[in-house]
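Just below is one structure, and these are the notes that go with it.
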Amino acid sequence: MAMSLLTSVNRMKNRAFANPEDYKLSRKPGDDGKPVVNATVERIRRCHLNDLENVIPFVLIGLLYVCTKPDPSTALMHFRAFAGFRIFHTFAYLIPLPQPSRALGFLLGAVVTGSMAVAVLKAGSY
């Protein structure tokens with residue numbers, strides 16, 4: 001949720017609105033009302049999109065995983081690890097940290113999601 005706020009704040013700060021009607025709220029002399037591309041805003045937006053592409057599958061698989069009644073400590077480890085890897089990935093994306101730091105954050109989060117998916121599939125096969 002913080003990514004939405006971060007995107008909005010940077011759009012306002014850099015006057016890089018996505019839609020022409022958004023300029024009406026902060027029109028200045030010389031504005032033509034056309035959308036402007038800003039590198040910082042686009043990086044934040046891509047990071048947010050990447051979070052959505054990874055968090056939604058995790059939540060769906062996580063719900064199925066919880067339905068299998070896993071050991072609570074194992075489930076908590078999965079949830080904490082995924083959250084930690086995604087937070088690290090977000091910081092690595094926004095700072096930016098050199099690769100392969102961002103890739104590791106993504107891959108380790110994907111491994112956690114995969115581990116839960118395997119557990120769901122194993123529970124479903126009994």
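It should be emphasised that the depicted structure is a prediction, and the values quoted were computed from it without experimental measurement. Numbers here simply count residues along the sequence, with the first being 1.
The minimum heavy-atom distance linking Asn38 with Val41 is given by the pair OD1-N, 3.1 Å. Here the closest non-hydrogen pair linking Arg43 and Arg102 is NH2-NH1, 3.9 Å. Phe85 approaches Gly105 most closely through the heavy-atom pair CB-O, 3.6 Å. Contact between His89 and Asp51 at its shortest, heavy atoms only, is ND1-OD1, 4.4 Å.
For the pair Thr68/Leu64, no side-chain contact is recorded, criterion being any heavy-atom separation below 4.5 Å from C-beta on.
If you take CZ on Arg46 and OG1 on Thr7, they are separated by 11.5 Å, rounding to the nearest 0.5 Å. Rounding to the nearest 0.5 angstrom, the gap separating the CG atom in Leu49 from the CE atom in Met3 is 10.5 Å.
Remark: side-chain polar atoms of Thr90 are paired, donor with acceptor, to backbone N or O of Arg86 under 3.5 angstrom. At least one donor-acceptor pair closer than 3.5 Å links the side chain of Thr113 to the backbone N or O of Gly109. Checked by atom type and distance alone, the side chain of Asn14 never pairs as donor or acceptor with a backbone atom of Ala16 at under 3.5 Å. A side-chain donor-acceptor contact under 3.5 Å links Gln99 to the backbone of Ala103. For the pair Asn10 (side chain) and Leu6 (backbone), a donor-acceptor distance under 3.5 Å is present.
Among residue pairs with one or both ends in residues 37-70, those qualifying as ring-ring contact (aromatic ring centres under 6.0 Å, His included) are Phe58-Phe79, Phe58-Phe82, Tyr65-His78; sequence neighbours excluded.
Judged by a 6.0 Å distance limit and a 45° cone about the ring axis, Arg11 is not positioned over the six-membered ring of Phe17.
Applying the side-chain contact (heavy atoms from CB on, under 4.5 Å) test between Val59 and each of Val55, Ile56, Ile61 identifies Val55 as the sole match.
Within 6.0 Å of atom CZ in Arg80, 12 or fewer heavy atoms from other residues, nucleotides or ligands are found, so the atom counts as exposed in its surroundings.
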Next on the checklist: Set out, in order, the CA-CA distance, both residues' side-chain angles and the distance that settles side-chain contact (heavy atoms from CB on, under 4.5 Å) for Phe91 and Leu97, then state yes or no.
Outcome noted: CA-CA 8 Å; Phe91 280 109; Leu97 296 177; 5.7 Å; no
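Residues Met77 and Met116 fall into different hydrophobic clusters, defined by Ile, Leu, Val, Met, Phe, Trp and Tyr side chains chained together at heavy-atom separations under 4.5 Å.
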